[in-house]
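See below for the structure under consideration.
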Amino acid sequence: MMFGLRFDGTQDQPCVAAESERTMTDTATGGPGLPQERRIVTSIPGPKSQALLARKQAAVSDGIGAVLPVFIAAAGGGVLVDVDNNSLIDLGAGIAVVNVGNAAPAVVAAIQKQAALFTHTCFMVTPYEGYVAVAEALNRLTPGTHAKKTALFNSGAEAIENAVKIARYATKRQAVVVFEHGYHGRTNLTMALTAKSMPYKYGFGPFAGEIYRMPLSYPFRWPGGAENSGPEALAETINKIEKEIGADQVAAILIEPIAGEGGFIVPGAGFLPGLADVAAANGIVFIADEVQTGFARTGEMFACDHEGVVPDIIATAKGVAGGMPLAAVTGRAEIMDSVHVGGLGGTYGGNPVACAAALGALETIEEQDLVGKARRINEIMMPRLLDMQTKYPVIGDVRGRGAMLAMELVKPGTLEPATDVIASVTKYCHQEGVLLLTAGTYGNVLRFLPPLAMPEHLLEEALSVLDKAFSAAG
Ligand SMILES: Cc1ncc(COP(=O)(O)O)c(C=O)c1O
């Protein structure tokens, strides 16, 4: 039974939870057929979530946090339904994962069919078609018309690790150029690639070497003014590469086309194409980390497409498989093929069930024109967010592309983070049944990542709640 989950995550072992704690999930079905409504029937979190939270606290490492500890029973379209039967508007999409919507029909059907056939062989032992089909789809959909090849992995961090491995192997160089405000994951190498210490890196060193951090074009905070941030950050980066590393020592320039965890920072025009040109001129592999920005999220299939940037390697994950763990490295065929046989892989990379889900998700993205849906979400949200900016001076910046939008909150007239306001706005929204995420190097960015399947009336309602939250924050 697809949605017959117990809260211990098992199907076939005795559940230790009391019968009363299991609530509605044995019969619940998720997906877009769920009532698309905001519904608050208990406090948030409600009593059943609180009981589960107590179990989480007793059983799960404290190192694993929860933005909003309501335990989810079913989800789909634009809502998350919790075990207390509250229905929350989802502005997070599982951190930009369920772009196609939760439990999207094509994803569910593909998973069910594949799981009934076989769940694993290890592609490196005996291959199967689904992996190849995902590789073909990614080679076709990612930017550029050159010959491409793909390797599949399990998580965004693993994709980034492998992108760097491949770039180093192909160039026989070691240095990797990354940027301030960048986030690339939580493994040892990706922690080193990531900019922010707390909570991602703090206390977890020592970190991998040969990583060089450069200034990111951050228009809102650029000392020389927003319009100069692209060219000035580019010039500074080029200078630092030449003086501090030596361009012929650099294996890769790695960047998120829009910094995600760093606060949805859209670099100034020309910054990304300029970096790609520097890479091309110096035999450096240009790696785009599109783990968060990929698969229609920004109103193009990939964020690089907004400025016609064609990366040598693109790393993807999150939105590729509608919620199943899958990640990919797609790149120029000659770079991807430079590695010796057996140099890449992993037991689960490109798991058949995850690949089936990806084929369902990619079909949904194309057939339902989710690129167009992301643009439509932008058309609805952007004017309302800008209107709020005129009313509430704490909103220093409204930015983003497509359905990847953010507000940076500062003490009015300054660049000082308004962390107290972000806490109260987020709390208000959560209490009122709108799931919001935050981000940003300074912890002062509200980020909006609705599933692209979000019904418009729910989006409007969520924006009204947000407006009231700012009003209540004073
Ligand atoms: C841009 C970017 N790169 C890499 C990662 C790491 O992905 P994962 O959490 O799947 O390892 C993330 C995750 O948020 C991300 O946003």
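These figures come from a predicted structure and were not determined experimentally.
A salt bridge links Arg140 with Glu366; the closest basic N to acidic carboxylate O contact falls under 4.0 Å. Glu460 and Arg384 are joined by a salt bridge, as a carboxylate oxygen and a charged side-chain nitrogen come within less than 4.0 angstrom of each other. Of the charged side-chain nitrogens involved, at least one lies within less than 4.0 Å of a carboxylate oxygen, so that Glu261 and Arg447 count as a salt-bridged pair. A salt bridge does not link Lys149 to Glu334: none of the charged side-chain nitrogens sits closer than 4.0 Å to a carboxylate oxygen.
The 12-atom threshold is not exceeded at OH of Tyr348, counting heavy atoms of other residues, nucleotides or ligands nearer than 6.0 Å. Taking a 6.0 Å sphere around NZ of Lys196, one finds it holds more than 12 heavy atoms contributed by other residues, nucleotides or ligands. A 6.0 Å sphere centred on CD of Glu129 holds no more than 12 heavy atoms belonging to other residues, nucleotides or ligands. Within a 6.0 Å sphere centred on NZ of Lys427, other residues, nucleotides and ligands contribute 12 heavy atoms or fewer.
The backbone N or O of Gln36 lies less than 3.5 Å from a partner atom in the side chain of His457, making a donor-acceptor pair. Judged by distance alone, the side chain of His306 and the main-chain N or O of Thr298 form a donor-acceptor pair under 3.5 Å. A donor-acceptor pair is defined here as one N or O able to donate and one able to accept, closer than 3.5 Å; such a pair exists between the side chain of Asn351 and the backbone of Thr119. Looking at Asn378, its side chain does come within 3.5 Å of a backbone N or O of Gly402 through a donor-acceptor pair. Distance alone, capped at 3.5 Å, is enough to place a donor-acceptor pair between the Glu256 side chain and the Tyr183 backbone.
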What do the steps show when you test Ile377 against Leu459 for side chain to side chain contact (heavy atoms under 4.5 Å, CB included), and what is the final call? CA-CA 8 Å; Ile377 286 172; Leu459 199 56; 3.9 Å; yes
Evaluate Arg332 against Asp312 for salt bridge (charged side-chain N to carboxylate O under 4.0 Å, His left out), listing each step before the verdict. CA-CA 6 Å; Arg332 292 186 186 281; Asp312 299 308; 2.7 Å; yes
Does Lys56 form a side chain to side chain contact (heavy atoms under 4.5 Å, CB included) with Leu52? I'd like the steps, not just the answer. CA-CA 6 Å; Lys56 172 183 181 286; Leu52 286 164; over 6 Å; no
When you look at Leu88 and Asp82, which way does the side chain to side chain contact (heavy atoms under 4.5 Å, CB included) test go after all the steps? CA-CA 8 Å; Leu88 288 83; Asp82 74 11; 4.3 Å; yes
Before giving the answer on side chain to side chain contact (heavy atoms under 4.5 Å, CB included), spell out for Glu307 and Val309 the whole-Å C-alpha distance, their side-chain angles and the decisive distance to 0.1 Å. CA-CA 5 Å; Glu307 287 191 273; Val309 170; 4.2 Å; yes
When you look at Phe295 and Phe302, which way does the ring-ring contact (aromatic ring centres under 6.0 Å, His included) test go after all the steps? CA-CA 6 Å; Phe295 303 105; Phe302 294 97; 5.1 Å; yes
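Contact of the Leu275 side chain with the Phe286 side chain is registered, since non-hydrogen atoms from C-beta on lie closer than 4.5 Å. Side-chain contact between Tyr200 and Met191 is absent, with no heavy-atom pair separated by less than 4.5 Å. Phe264 has its side chain out of reach of Arg401: every pair of non-hydrogen atoms, C-beta onward, lies at least 4.5 Å apart. Thr316 has its side chain out of reach of Val291: every pair of non-hydrogen atoms, C-beta onward, lies at least 4.5 Å apart. When side chains are defined from C-beta on, Ser43 counts as touching Gln50, because their heavy atoms get closer than 4.5 Å. In this structure the side chain of Thr187 never reaches within 4.5 angstrom of the side chain of Glu158, judged on heavy atoms. The closest side-chain heavy-atom distance from Arg38 to Ser87 is not below 4.5 Å. Proximity of Lys48 to Phe71: side-chain heavy atoms (C-beta onward) are nowhere separated by under 4.5 Å.
Between the side chains of Thr441 and His181, at least one donor N or O lies within less than 3.5 Å of an accepting N or O. Under the 3.5 Å distance criterion, with hydrogens and angles disregarded, a donor-acceptor pair is assigned to the side chains of Thr293 and Glu290. Asn86 and Arg39 share no donor-acceptor pair across their side chains, judged by distance under 3.5 Å alone.
Residue Ile44 holds its CD1 atom at 7.5 Å from OG of Ser49, rounded to the nearest 0.5 Å. Atoms NZ and OG1, on Lys148 and Thr330 in that order, are 7.5 Å from each other to the nearest 0.5 Å. A distance of 5.5 Å separates CG in Leu452 from CG in Leu370, rounded to the nearest 0.5 Å. Note that the CZ atom of Arg297 and the CE atom of Met404 stand 8.0 Å from one another [nearest 0.5 Å]. Distance CE/Met336 to OG1/Thr150: 6.0 Å, rounded to 0.5 Å. In this structure, the separation between CG on Leu254 and CG on Asp289 is 6.0 Å, given to the nearest 0.5 Å.
Cation-pi contact between Lys172 and Tyr169: present, with separation from the ring centre below 6.0 Å and deviation from the ring axis of at most 45°. Cation-pi geometry between Lys468 and Tyr428 is not met at under 6.0 angstrom from the ring centre and within 45 degrees of the axis.
Nearest heavy-atom pair across Ala208 and Leu189 is CB-CD1, 3.8 Å. Of all the heavy atoms in Gly360 and Ala106, the pair that sits closest is O-CB, 3.7 Å. Of all heavy-atom pairs between Ala110 and Ala356, the closest is CB-O, 3.3 Å. Looking at every heavy atom in both residues, Val445 comes nearest to Ala406 through CG1-CB, 3.6 Å. Of all heavy-atom pairs between Lys201 and Thr194, the closest is NZ-O, 2.7 Å. Taking every heavy atom of both residues into account, Pro451 and Gly101 meet most closely at CB-CA, 4.2 Å.
For the side-chain contact (heavy atoms from CB on, under 4.5 Å) with Leu272, the lone residue among Cys304, Pro267, Ser217 that qualifies is Pro267. When each of Ile160, Ile166, Val164 is paired with Val329, the side-chain contact (heavy atoms from CB on, under 4.5 Å) condition holds for Ile166 and for no other.
Annotation: Phe271 is in aromatic contact with Phe179 [ring centroid separation under 6.0 Å]. Side-chain rings of Tyr128 and Phe118 approach one another, their centers coming within less than 6.0 Å.
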